[in-house]
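A short write-up of the structure that comes next.
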Amino acid sequence: MKNSCKITFEGLNVSRFVAKLSATSTILSVERQGKRWTIEVPAARANQTLAILREKCYNILNIDYLGATAAAKFVKRRFVLPIICLLCVAMLLISSQFCFRIEVAGDFDKEVVMTALGNAGVKIGSNLSRIDVGVLENTLANDIGAMYAVVTRSGSALYVNVVAKKEIEPPIDMTKRRNIVATREGTVTAVLCEQGNPLVKVGDHVKVGDVLIEGRRVFNDGSSNDVYALGRVTIQLTATGFAEYTGTRTVTVETGEIFTCTGVMLFGKEYSRACPFESYIVETVITRLQPLNLQICRNTYRETRTVTVAATIEECMEELKAKAYEAAKSKCDFSVLDVVYETSAKGVTATLYGEAQIE
């Protein structure tokens, strides 16, 4: 790994100075950007070069160490990091033997599976080397009443997938009369009748319980007989929400207060001092230390507060649309296919559109 130092400075007669310096000292590279010059020298010659620059009264703008020297200076400035690194190494050595995360998938609620795992003696912090995967899979399946369970281990994580028993639906008796009935309220957008007598057409508004296709076949002479209705009726579903325009809007501004701290990322969780601000914007710079693959986080927190300011409806439009959409979404139990916004002097109305196919 190359150990060097890049020094950025400016001043007078720099070209002549660099030429003289290169004759007496090793210069790895030279860059110029306007009045600014950047020279790269071996790390061992950095202090000597800086002393010469200061003696010649050059304005030193930046000093950037590269390679192992940079890592050494980083650790020296943050003396607590070696201790953290040693602790991290120790934890890495023992963590693979214990369960720190359980991921649940499949047909059952996570709480149900976690309860069954607890009954089997498996939880966060359990010793993975003592778990018999085959026995645990049978225990879970029997406890929950599942068809089967699959348990796999990856590092300190346990992945559990539990599959429910499949219920066979009873055969349909096609000799009986059956109507296709609306289970949702909305506007009919399509009708496909394979067998039976359609009672609705495109554009009709239907309510829950309305017969869409009756189980009756009508002949040309006016007679009819009962049938098992077959077909599909598509109904357009809607949900609306309104956001009132009040003449003001809420904005977030910075107070000027700043808090910085350094932490370490371990097992996907960051360990550092807590931010004293209730509301803030955070900027994080991550340094990775190899070969341990440790992540050192440098966090800069900027305190914020919310204020109310006067605003036109155009300035509030995006916020009003978002509020109207959320208000409509809270009433919506279908997948949204389209959204239409209507604006008035009072505010914004959002209408969400979806579909239900009734067979």
### Query
Does the side chain of N299 reach to within under 4.5 Å of the side chain of S272, using non-hydrogen atoms?
yes
### Message
Can you tell me how far apart CD1 (I313) and CZ (R249) are? Round to the nearest 0.5 Å.
### Response
12.5 Å
#### Entry: Check: W37 and V30 side chains under 4.5 Å, non-hydrogen atoms
yes
### Query
If you round to the nearest 0.5 Å, how far is CG of D333 from NZ of K331?
13.0 Å
#### Entry: Nearest-0.5 Å distance that lies between atom CD in E185 and atom CG in L237
9.5 Å
### Task
Tell me yes or no: between the side chains of E40 and S4, is some donor less than 3.5 Å from an acceptor?
yes
### Message
Counting the benzene-type ring for Trp, do F17 and Y58 have ring centres under 6.0 Å apart?
### Response
yes
#### Entry: For E283, all residues meeting salt bridge (charged side-chain N to carboxylate O under 4.0 Å, His left out), sequence neighbours excluded
R302
### Query
Are V336 and K329 side-chain neighbours, meaning at least one heavy-atom pair lies under 4.5 Å?
yes
### Query
Does any non-hydrogen side-chain atom of E137 lie less than 4.5 Å from one of Y148?
no
### Task
Check salt bridge (charged side-chain N to carboxylate O under 4.0 Å, His left out) between D226 and all other residues, then give those that pass, not counting sequence neighbours.
R177
#### Entry: Stepwise side-chain hydrogen bond (donor to acceptor under 3.5 Å, both in side chains) test for T255 and E303
CA-CA 6 Å; T255 65; E303 186 182 31; 2.9 Å; yes
### Query
Just wondering, do R305 and V253 contact through their side chains at under 4.5 Å, heavy atoms?
yes
### Task
Give a yes-or-no answer on whether the side chains of E355 and T234 include a donor-acceptor pair shorter than 3.5 Å.
no
### Query
How long is the span from the OG1 atom in T189 to the CG atom in D204, to the nearest 0.5 Å?
11.5 Å
### Query
Got a second to check how far Q295's CD is from C297's SG, nearest 0.5 Å?
6.0 Å
### Query
Taking C-beta and beyond as the side chain, do L192 and E194 meet within less than 4.5 Å on heavy atoms?
yes
### Query
Is any side-chain heavy atom of L21 closer than 4.5 Å to a side-chain heavy atom of I39?
yes
## Note on the structure
Rounded to the nearest 0.5 Å, the CG atom of D210 sits from the CD1 atom of I358 at a distance of 10.0 Å
#### Entry: Student check: side-chain heavy atoms of F9 and V14 closer than 4.5 Å
yes
### Check ion pair E359-R232 (N to O, under 4.0 angstrom)
yes
### Task
May I have the step-by-step check of ring pair (Phe, Tyr, Trp, His ring centres under 6.0 Å) for F277 and Y301, ending in yes or no?
CA-CA 8 Å; F277 307 142; Y301 297 90; 7.5 Å; no
### Task
Could you pull out all residues at least two apart from T38 that satisfy side chain to side chain donor-acceptor pair (under 3.5 Å)?
T8
### Query
Do R36 and Q33 meet the criterion of a side-chain donor-acceptor pair at a distance under 3.5 Å?
no
